[in-house]
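So that the names make sense, note that chain A is the first sequence line, chain B the second, and so on, each numbered from 1.
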Protein chains: 2
Amino acid sequence: MGNKTERYSRQKEEIYRILRNTNTHPVAEWIHKQAKRKISRLSLGTVYRNLNHLCQKGEIKKFTFGTQLEHYEGNIKPHQHFVCKRCGRIFDFFLDVNEEILAKTKKLRKFRVEEVEVEFRGTCFDCRMTSK
Amino acid sequence: MGNKTERYSRQKEEIYRILRNTNTHPVAEWIHKQAKRKISRLSLGTVYRNLNHLCQKGEIKKFTFGTQLEHYEGNIKPHQHFVCKRCGRIFDFFLDVNEEILAKTKKLRKFRVEEVEVEFRGTCFDCRMTSK
DNA sequence: ATAGGTGCAAATGTTTTGCTGTCAA
DNA sequence: TTGACAGCAAAACATTTGCACCTAT
């Protein structure tokens with residue numbers, strides 16, 4: 001009880017579709033711009049509201065990546081992020097480490113650890129070439 | 001060249017001292033309040049400026065922890081963070097995993113991985129007791 | 001004497017929210 | 001019919017910045 005009955009809307013559908021179809025980690029503004037190509041009157045407030053709904057339902061995820069802005073991601077399969085310290089670009093890594101790390105928390109009786117996020121920082125290929 | 005000569009200031013000293021002497025992960029506002037007990041005219045802008053300087057020098061670290069605010073930490077020894085999904089409190093973990101994870105990135109020739117951050121989410125002891 | 005730091009207040013920029021109208025169920 | 005959702009604009013809020021003054025070096 002207390003939970004609202006969720007209702008369909010073109011806006012939410014489109015926002016979710018855009019997020020599922022990119023492997024980037026866009027901010028609200030970018031999603032807004034993309035979605036307006038189909039729904040020209042779409043407001044930024046609606047984008048934020050839907051992004052928050054989708055986060056709460058666990059259908060998308062939200063990250064800061066050391067910037068001041070929230071970045072959103074439609075791929076919720078476990079993976080890691082790499083942030084280039086020079087160009088700021090974000091890359092997905094798919095290393096087989098999350099389960100191992102979680103296993104190490106099993107002995108911590110005081111905490112029920114449910115999720116783990118791993119974020120790497122360093123220099124990407126392009127930036128290494130540019131000023132070795 | 002291009003680098004400014006850093007200069008001593010009571011304000012920076014006090015901010016850094018406060019951060020070294022807590023094992024919490026405070027926000028700028030809290031640090032400001034603490035520091036004003038010694039430097040009553042200290043402004044919030046100065047707190048932010050010094051926190052940013054200290055971050056750039058690598059003497060402190062900055063995290064978002066899924067909130068809208070920046071949290072600062074004076075302990076830069078490698079460790080992990082646990083965020084309770086119910087009460088939002090942040091705990092330090094000292095598991096021996098960072099090096100292992102970094103080792104797994106050595107095969108990635110395209111990226112020079114320099115740092116790793118591990119963040120856990122789940123339920124803390126108190127919250128588990130409160131509403132099992 | 002010079003330039004880095006401070007305090008103050010205004011500006012910036014992202015995200016949230018109140019309100020009114022619309023539309024899915 | 002009704003209440004969840006949209007659009008719009010204003011508000012909220014954390015953080016940054018411009019400026020005049022202060023102070024470490």
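Nucleotides of DNA chain C nearest to A:E6 and B:G45 differ in position, and the one nearer the 5' end is that of B:G45.
Separation of the B:F111 and A:F120 ring centroids does not fall under the 6.0 Å cut-off. Outside the 6.0 Å centre-distance limit, the rings of A:H71 and A:F63 are not counted as a close aromatic pair.
For the OP1/OP2 pair of C:dT16 and a distance below 4.0 Å, the side-chain nitrogens and oxygens of A:N52 include at least one atom meeting the criterion. Here A:Q68 does not reach the OP1 or OP2 of C:dT12: none of its side-chain N or O atoms lies under 4.0 Å away. Look at B:R41 and you'll find a side-chain N or O under 4.0 angstrom from OP1 or OP2 of C:dC8. Phosphate contact (OP1/OP2 of C:dA3, side-chain N/O of B:K4, threshold under 4.0 Å): absent. Here B:S9 does not reach the OP1 or OP2 of C:dG5: none of its side-chain N or O atoms lies under 4.0 Å away. Between A:T46 and D:dG7, a side-chain N or O to OP1/OP2 separation shorter than 4.0 Å is present.
Counting any heavy atom pair closer than 4.0 Å across all strands shown, A:Y8 reaches sugar-phosphate atoms only and no base atom. Across all strands shown, A:E29 has no heavy atoms under 4.0 Å from either base or sugar-phosphate atoms. Residue-level contact check: B:R7 touches the bases, meaning some heavy atom is under 4.0 Å from a base atom.
Between A:H53 atom NE2 and C:dT16 atom P the separation is 11 Å, expressed in whole Å. Atom CZ of A:F65 and atom P of C:dT14 are 18 Å apart (whole Å). Distance, B:L42 CG to C:dG5 C1': 12 Å, rounded to whole Å. A:L51 has its CG atom 15 Å from the P atom of C:dT14, to the nearest Å. Across the protein-nucleic acid pair, B:K36 atom NZ and C:dG7 atom P stand 10 Å apart, rounded to whole Å. In this structure, B:R10 atom CZ and D:dC22 atom P are separated by 16 Å, rounded to whole Å. A:K12 has its NZ atom 13 Å from the C1' atom of C:dC23, to the nearest Å. Taking atom CD of residue B:Q11 and atom C1' of nucleotide D:dT23, one finds them 10 Å apart after rounding to whole Å.
Of the candidates D:dG7, C:dT15, C:dG7, C:dG7 carries the atom nearest the B:I39 side chain, counting heavy atoms from C-beta on.
Residues B:H81 and B:E73 bring a donor and an acceptor atom of their side chains to less than 3.5 Å of each other. For B:N98 and B:E115, the side-chain atoms include no donor-acceptor pair closer than 3.5 Å.
Two residues are said to be in side-chain contact when any heavy atoms from C-beta on lie closer than 4.5 Å; B:T46 and B:H32 fail this criterion.
Counting atom types as modelled, B:R49 pairs no side-chain N or O with a base atom of C:dG5 as donor and acceptor under 3.5 Å.
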